[in-house]
Amino acid sequence: MKLQSIYTKKQRYISKEMQNNTGKLLGKIHSEAEHKVFTDYFEISEIRGLKIQDAFFKDGKFLARRDSEDRLTAYGKGKSMLEFDKVRLIFDNENGKILEHKKPFFKSWKSILNKAHNIILTGLNQYNNNDIVKKIWYKKKGLTPTGKLKAAKDIMDTFNKLFKENK
């Protein structure tokens with residue numbers, strides 16, 4: 001007698017329209033990124049996610065999961081995450097495949113995907129309305145190789161100056 005699993009995992013996909021709207025929303029997000037490089041330092045500011053009413057939408061570039069050895073591994077570009085209610089969807093932007101999900105047992109996929117589509121649509125249509133869509137920024141400043149050399153030289157000069165004064 002052949003045993004058959006009742007827990008077969010059916011592969012889920014987001015709709016083509018949601019896929020297109022997600023691409024447009026990510027285009028708006030990426031268009032606001034600023035990368036400034038000066039001689040001594042650099043500044044990066046990018047939007048890593050959006051809070052659309054009570055939901056969160058994040059770019060896969062800023063998402064990571066723990067592997068079997070408890071190391072963080074990035075999902076990478078081309079992936080997105082949408083969290084709302086007690087639902088989390090991580091999907092591929094190119095083919096619409098839902099890679100990972102967390103959902104309440106009694107919540108239907110149809111209602112989840114409809115709500116997800118409405119959230120993405122709201123984010124796209126109300127993108128510049130700060131009451132509905134709040135942008136979550138990632139900002140970083142650092143030294144370029146030239147800036148690091150200058151900083152090291154300044155530290156050494158200060159150290160040498162203090163050392164000579166104490167002699």
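These values consider heavy atoms only, across backbone and side chains, with no hydrogens, waters or symmetry-generated copies. Keep in mind that what you see is a predicted model, and the values were worked out from it rather than measured.
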D92 and G78 have their tightest heavy-atom pair at OD1-O, 3.4 Å

Whether K135 engages the ring of Y127 as a cation-pi pair (distance to the six-membered ring centre under 6.0 angstrom, angle to the ring normal within 45°) should be assessed. yes

Give a yes-or-no answer on whether the side chains of H35 and E43 include a donor-acceptor pair shorter than 3.5 Å. no

Are N93 and S80 close enough that a side-chain donor and a side-chain acceptor fall under 3.5 Å? yes

Determine yes or no for a side-chain-to-main-chain donor-acceptor pair under 3.5 angstrom, with [X] supplying the side chain and [Y] the backbone.
X    : Y    : result
Q19  : K97  : no
K51  : Q53  : yes
K134 : L50  : no
K153 : D157 : no

Are the side chains of R12 and H101 in touch, meaning some heavy atoms are under 4.5 Å apart? no

Taking C-beta and beyond as the side chain, do F42 and L143 meet within less than 4.5 Å on heavy atoms? no

Side chains of residues 81-91: which donor-acceptor pairs under 3.5 Å do they make with residues two or more places apart or in other chains?
| unit_1 | atom_1 | unit_2 | atom_2 | d |
| --- | --- | --- | --- | --- |
| E83 | OE2 | R88 | NE | 2.8 |
| E83 | OE2 | R88 | NH2 | 3.0 |
| D85 | OD1 | K115 | NZ | 3.4 |
| D85 | OD2 | K115 | NZ | 3.0 |

Of R48, H30, K79, the residue whose pairing with D59 passes side chain to side chain donor-acceptor pair (under 3.5 Å): H30

